[in-house]
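Owing to the predicted nature of the structure, the values given are computational and were not obtained by experimental measurement. No hydrogens, no waters, no symmetry mates; every other heavy atom, side chains included, goes into these values.
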Amino acid sequence: MENKARRQLFFKDADNHEMNEALRVIRTNLHFLNEKEKARTVLVTSTTPKEGKSTIASNYAMSIAITGKKVLLIDCDIRRPRAHESFGVNFNRGLESVLSGECKVEDVILKDVEKNLDILPTRNVTHNVTELFLGDKMKGLLQDLKDKYNTVVLDTPPLIIASDAAILSKHCDGVVYVVAYDQVAKRELEFGKTMLNNAKANIYGFVVNKVDKNGLSYGNYGYYNNNYSYYKDYYTEEGEALAKAYKPQKGFKGFVEKLKRDYKRQLSGDQKGKRW
């Protein structure tokens with residue numbers, strides 16, 4: 001394996017407490033939804049490109065690996081493979097070669113890319129990609145692989161680009177649907193969900209990605225925004241220092257400050273302690 005440019009692995013970034021904790025929440029919730037200690041298969045997809053599904057898939061796989069469980073990350077986005085980029089590795093052959101019968105899967109799996117984490121990468125293929133997944137070969141491959149791992153994570157193409165994720169969902173325990181905040185139109189999201197429903201996929205839930213941790217948001221999304229600020233205030237020296245240095249304004253300025261604060265809390269859904 002040869003190192004190349006890496007995408008961000010949050011669990012290797014000691015300073016990004018908020019993202020690490022958010023990924024732990026995802027890991028915990030998915031564990032409660034499926035408590036199998038072996039052969040768990042989780043598919044990650046999105047509606048459109050650039051919603052962060054590969055980053056979520058890679059970091060979710062990493063979050064399991066650091067607990068000591070054996071994990072395999074499979075890049076099923078053959079049209080535009082990205083999963084390996086998170087780990088800065090290079091390779092000659094991948095999933096596409098296995099499905100076409102050119103080589104055996106054990107010859108292309110990248111072992112221990114990180115501790116307890118293996119990767120089955122893929123190279124770009126532009127023709128007859130969906131047909132590679134329609135036959136029994138992929139189903140049999142997954143059946144053989146998942147018995148060797150605690151969790152197998154499939155990084156798949158966006159649903160608006162191809163039906164691959166819907167096809168592969170039939171062979172997986174559940175689907176994690178990544179949605180970039182304020183990026184996807186309602187009709188696009190409904191289209192993707194309909195595809196998965198038609199495939200009778202088990203949708204574990206939606207991960208709302210790319211939310212500005214300092215921004216405002218309506219409804220329950222705001223809960224996660226506030227969690228970022230709570231985490232910063234509670235765990236970091238910066239947050240503690242800011243809290244100690246804060247001095248509320250008096251008079252009219254204080255009234256305006258309180259009004260802005262209450263308005264922000266109402267928009268973000270944070271109504272703890274609010275009297276009506």
(request) Name all residues meeting the side chain to side chain contact (heavy atoms under 4.5 Å, CB included) criterion together with Gln143; count only those two or more places apart in sequence or in a different chain, and write none if there are none. (result) Lys146, Asp147
Heavy-atom check, side chain of [X] versus side chain of [Y], under 4.5 Å:
| X | Y | result |
| --- | --- | --- |
| Ile26 | Val207 | yes |
| Val176 | Tyr60 | no |
| Leu95 | Cys76 | yes |
| Phe91 | Ile119 | no |
| Leu142 | Leu154 | yes |
| Leu141 | Val105 | yes |
| Leu159 | Ser46 | no |
| Lys210 | Gln183 | yes |

Heavy-atom pair of closest approach, residues [X] and [Y]:
| X | Y | result |
| --- | --- | --- |
| Tyr149 | Asp118 | OH-OD2, 2.8 Å |
| Ser58 | Leu73 | OG-CD2, 3.8 Å |
| Ala57 | Val153 | O-CG1, 4.0 Å |
| Glu51 | Ala180 | OE1-N, 2.7 Å |
| Asp77 | Pro158 | OD2-CD, 4.3 Å |

(message) Between Glu190 and Arg187, does any side-chain N to carboxylate O distance fall below 4.0 Å?
(response) no
(request) Using a strict cut-off of less than 4.0 Å between a Lys/Arg side-chain nitrogen and an Asp/Glu carboxylate oxygen, indicate whether Asp112 and Lys70 qualify as a salt bridge. (result) yes
Hey, what do you get for [atom1] ([X]) to [atom2] ([Y]), rounding to the nearest 0.5 Å?
| X | Y | atom1 | atom2 | result |
| --- | --- | --- | --- | --- |
| Thr47 | Lys186 | OG1 | NZ | 14.0 Å |
| Met62 | Leu117 | CE | CG | 7.0 Å |
| His31 | Thr67 | NE2 | OG1 | 9.5 Å |
| Ile66 | Lys115 | CD1 | NZ | 11.5 Å |
| Ile78 | Asn124 | CD1 | CG | 9.5 Å |
| Thr151 | Lys38 | OG1 | NZ | 12.0 Å |

Which residues satisfy the side chain to side chain donor-acceptor pair (under 3.5 Å) test with [X], sequence neighbours excluded?
| X | answer |
| --- | --- |
| Asp164 | Arg79, Thr130 |
| Thr45 | Thr156 |
| Ser169 | none |

(request) Test salt bridge (Lys or Arg N to Asp or Glu O under 4.0 Å) on Arg93 and Asp107 and set out the steps. (result) CA-CA 9 Å; Arg93 296 180 298 180; Asp107 296 330; 5.1 Å; no
(request) Using a cut-off of 6.0 Å, state whether more than 12 heavy atoms not belonging to Lys193 lie near its atom NZ. (result) no
(request) Report, as yes or no, whether the 6.0 Å neighbourhood of atom NZ on Lys50 holds more than 12 heavy atoms from other residues, nucleotides or ligands. (result) no
Mark yes or no for whether [X], through its side chain, and [Y], through its backbone, hold a donor-acceptor pair below 3.5 Å.
| X | Y | answer |
| --- | --- | --- |
| Thr122 | Gly94 | no |
| Asn116 | Ala65 | yes |
| Glu96 | Arg123 | yes |
| Glu102 | Val98 | no |

(request) Kindly state each residue pair satisfying side-chain hydrogen bond (donor to acceptor under 3.5 Å, both in side chains) with at least one member in residues 194-204, sequence neighbours excluded. (result) Asn34-Tyr204
(request) Under the side-chain contact (heavy atoms from CB on, under 4.5 Å) rule, what do Arg24 and Ser63 come out as? Steps first, then yes or no, please. (result) CA-CA 7 Å; Arg24 289 189 180 97; Ser63 74; 5.9 Å; no
(request) Would you check, one step at a time, whether the test side-chain contact (heavy atoms from CB on, under 4.5 Å) holds for Val152 with Val71? (result) CA-CA 6 Å; Val152 175; Val71 185; over 6 Å; no
(request) Begin with the C-alpha distance, continue with both residues' side-chain angles, and end with the deciding distance and a verdict on side-chain hydrogen bond (donor to acceptor under 3.5 Å, both in side chains) for Asp155 and Ser54. (result) CA-CA 6 Å; Asp155 181 9; Ser54 293; 2.7 Å; yes
(request) Let me see the working for Asp75 and Leu120 under side-chain contact (heavy atoms from CB on, under 4.5 Å), right down to the final yes or no. (result) CA-CA 6 Å; Asp75 193 343; Leu120 175 50; over 6 Å; no
(message) My understanding is that only residues two or more places apart in sequence, or in another chain, count here; which of them pass ring-ring contact (aromatic ring centres under 6.0 Å, His included) with Phe206?
(response) Tyr177
(message) One pair to check against side-chain contact (heavy atoms from CB on, under 4.5 Å): Glu188 and Ile160. What are the steps and the verdict?
(response) CA-CA 7 Å; Glu188 293 172 331; Ile160 208 166; 4.0 Å; yes
